[in-house]
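This report refers to the structure that appears directly beneath it.
Chain naming here is simple, since letters A, B, ... match the order of the sequence lines and numbering starts at 1 in each.
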Amino acid sequence: MTVKEQEEVVKPTNFIHQQIDKDLEEGKNEGRVHTRFPPEPNGYLHIGHAKSICLNFGTAEKYNGLYNLRFDDTNPSKEETEYVDSIKEDVRWLGFDWGDREYFASDYFGKLYEFALKLIREGKAYVDDQPAEVISEQKGTPTRPGTESPFRNRTAEENLELFLAMKNGDFKDGEKVLRAKIDMASPNMHMRDPIIYRIMHTPHHRTGTEWCIYPMYDFAHGQSDYWEGITHSICTLEFEVHRPLYDWFVEQLKDTDYRPRQIEFARLNLSYTVMSKRKLLELVKDNHVNGWDDPRMPTISGLRRRGYTPDSIRNFAERIGVTKTDGMIDVALLEHSVREDLNKSAQRVMGVLNPLKVVITNYPEGQSEELEAVNNPEDESMGKRMVPFSRELYIERDDFMENPPRKFFRLGVGREVRLRYAYFVTCNEVVKDENGEIIELRCTYDPASKGGKSPDGRKVKGTLHWVSAPHAVKSEVRLYDRLFSDENPQAHKDVDFKEFMNPDSLQSLTDCYIEPFVKTANALDHFQFERLGYFNVDPDTNGDTIVFNRTVSLKDSWSKAKKK
RNA sequence: UGACCCAUGGUGUAAUUGGCAACACGUCUGAUUUUGGUUCAGAAGAGUCCAGGUUCGAGCCCUGGUGGGUCAACCA
């Protein structure tokens with residue numbers, strides 16, 4: 001291993017690990033590191049969550065600690081079991097195993113209720129009878145302090161009685177709330193007597209109709225962390241202003257030196273996409289895409305269906321780093337991560353997307369043969385396979401030009417190229433239909449060049465992929481482009497992000513021919529179609545047609561050169 | 001007329017905690033190549049938002065600006 005390689009192996013550190021190092025040095029929490037990933041089951045996980053999962057769980061792994069999966073299910077009106085299941089599947093697929101440490105905030109509804117009772121008894125919480133608008137009005141603004149509720153100084157007895165009535169269902173939704181009594185003049189809006197319990201006569205996906213009062217996020221999160229023994233509660237930047245409140249509740253709760261600590265990092269922004277559950281839900285609900293797992297979606301399930309691998313996503317998460325700087329990651333980095341992974345592992349195969357028929361005029365009619373091809377030049381252990389060759393072939397339309405420009409290495413009339421793993425062929429004639437459209441090429445092959453070798457040492461500039469027409473498997477191939485044409489579609493104040501949707505984000509080719517090797521492929525299997533890109537088998541595949549998704553194209557220096 | 005946070009090549013991160021800015025992606029050369037892929041060799045590109053200060057020495061510390069983000073849901 002070279003010096004350079006050794007440097008690269010060193011896992012990058014970040015400010016969170018540095019803070020944990022410090023906590024450990026100071027002997028906090030008996031040297032334990034315990035993290036959690038706390039999704040709300042109200043949507044599917046996306047690549048931004050993947051960053052958070054890798055950070056939270058990866059951190060615990062790094063420090064030989066533990067990590068929990070905890071569903072933040074305190075709002076029954078938005079949460080569903082479908083989402084719980086998809087989240088578990090996605091986290092598992094990414095390669096993390098949380099063992100039996102699977103929790104729900106709803107597991108703590110009882111303890112949370114008891115804790116609220118304690119706050120009331122200590123005069124630190126009160127029932128407010130005012131409607132939402134009035135409470136909101138009294139909150140003030142960031143630059144103006146709030147005013148106190150007329151119900152703020154009820155006696156503990158009265159509050160206890162009212163809260164019990166709330167719990168017993170004596171009131172309608174919104175009629176009363178329980179508030180923490182902190183400081184209406186605090187410069188931090190979240191400290192101005194935040195609402196901690198609201199009335200919702202809505203069945204919960206786990207507790208059913210047991211409760212009609214539900215705790216707010218702020219009243220559940222830190223406490224859940226505390227009860228689970230979380231040491232480092234890593235979340236995104238928008239919760240930074242909640243931290244004093246998080247600490248305030250933990251302070252009321254703690255009875256030892258242990259205390260969980262919230263640390264915030266910048267969420268992931270990816271160019272040419274949107275990354276909020278609300279917006280992704282909108283795309284799904286309004287049928288702008290075909291579901292949460294549409295291969296154009298930045299969801300984990302979409303990326304999986306598109307052909308991304310867990311490794312590629314984890315490497316990506318590692319590469320982008322962790323900071324508090326709000327930035328925008330170039331999708332090119334994500335694409336680089338899959339190419340890097342798939343280049344090492346993907347089975348090579350030849351497939352023609354836009355077929356052009358080629359007849360080898362000096363190859364006997366009715367004859368065919370099998371030629372040996374390498375399965376993966378990056379991994380010899382993947383072995384070889386046989387590819388059928390015959391008189392009638394398909395090549396890529398792009399690989400032939402009647403009037404080739406300079407530096408075009410492919411086929412033209414009178415030119416010789418190599419058909420990969422097969423023979424050298426020379427094009428002699430172009431056949432056109434009545435519209436002048438090229439419909440066939442007539443070529444001759446050199447039998448001495450079998451395997452693609454030139455016995456006389458003569459060179460050809462181009463090597464083309466091809467497929468034997470009678471043997472090929474006709475398939476559908478779906479090509480994807482970015483979902484949005486704007487780098488940051490949600491950043492425009494006066495324009496809805498959907499205005500920037502790319503109308504050509506999905507192109508479906510139904511006249512594609514792939515070598516017979518793919519016949520036995522299973523859903524989600526990865527391939528490299530030589531010279532084209534990485535593709536995987538879409539679950540839409542049925543007995544009749546194999547459907548492929550293009551995960552990402554190969555790097556293409558020819559298309560760049562062409563533009564000049 | 002607030003609180004909290006952020007600011008390093010095009011992009012994302014790093015800099016042994018004060019010692020003259022490194023890595024990755026991207027871009028551009030060239031070599032190799034039965035994938036115009038991979039690999040390899042190399043190049044361009046920032047003097048660290050600005051202004052002061054402390055110091056022999058500042059991207060790191062201090063002060064003041066500027067720019068950006070977050071917070072006023074009975075959402076999380």
Take the protein atom NZ of A/Lys555 and the nucleotide atom C1' of B/rC28, then report the distance between them rounded to whole Å. 12 Å
Rounded to whole angstroms, how far apart are CD on A/Glu530 and C1' on B/rU35? 5 Å
Residue closer to the 5' end of RNA chain B, A/Leu532 versus A/Met328 (nearest nucleotide): A/Met328
Using a heavy-atom cut-off of 4.0 Å across all strands, would you classify A/Pro377 as base, sugar-phosphate, or nothing? base
Phosphate-side-chain proximity, A/Ser136 and B/rC74, N/O vs OP1/OP2 below 4.0 Å: no
Is any NZ, NE, NH1 or NH2 atom of the basic residue among A/Lys562 and A/Asp398 found under 4.0 Å from an Asp or Glu carboxylate oxygen of the other? no
Whole Å only: how far is the NE2 atom of A/His242 from the P atom of B/rC4? 16 Å
So, is B/rU35 syn or anti if syn means the angle is within 90° of 0? anti
Using a distance-only criterion (donor-acceptor N/O pair, under 3.5 Å, no hydrogens), is the base of B/rU35 paired with the side chain of A/Arg348? yes
Identify whether any heavy atom of A/Gln528 sits under 4.0 Å from a base atom; if not, whether one sits that close to sugar-phosphate; answer base, sugar-phosphate or nothing. base
So, OP1 or OP2 of B/rG36: does either fall under 4.0 Å of a side-chain N or O from A/Arg418? no
Rounding to the closest angstrom, what is the interatomic distance between B/rU11 and B/rA58 at atom C1'? 26 Å
Report yes if at least one side-chain N or O of A/Ser557 is closer than 4.0 Å to OP1 or OP2 of B/rG37; otherwise report no. yes
Give one of base, sugar-phosphate or nothing for A/Ser454, where a contact means two heavy atoms less than 4.0 Å apart. nothing
Is there a donor on the side chain of A/Glu378 or the base of B/rG37 sitting less than 3.5 Å from an acceptor on the other? yes
With the criterion set at under 5.5 Å between ring centres and under 30 degrees between planes, would B/rG36 be stacked on A/Trp558? yes
Output the rounded distance in Å from NZ (A/Lys324) to P (B/rC6). 5 Å
OP1, OP2 of B/rC28 versus side-chain N and O of A/Lys560: anything below 4.0 Å? yes
Just confirming the chi classification of B/rG53, syn or anti, using 90° around 0 as the syn window. anti
Spacing between A/Lys139 atom NZ and B/rC74 atom C1', to the nearest angstrom: 9 Å
For A/Met401 and B/rG36, give me the distance from atom CE to atom C1', rounded to whole Å. 15 Å
Distance, P atom - from B/rG19 to B/rA24, rounded to whole angstrom: 23 Å
Could one point to a donor on the side chain of A/Arg410 or the base of B/rG36 with an acceptor on the other under 3.5 Å away? yes
Rounding to a whole Å, what distance do you find between A/Asp398:CG and B/rG36:P? 13 Å
With heavy atoms under 4.0 Å as the rule, sort A/Ser77 into base, sugar-phosphate or nothing. nothing
OP1, OP2 of B/rU13 versus side-chain N and O of A/Arg319: anything below 4.0 Å? no
Residue pair A/Ala422/A/Gly140 against RNA chain B: nearer the 5' end by closest nucleotide is A/Ala422
Quantified in whole Å, what is the P atom distance between nucleotide B/rC40 and nucleotide B/rC4? 49 Å
Mind calculating the distance between NE2 (A/His17) and C1' (B/rU16) to the nearest angstrom? 18 Å
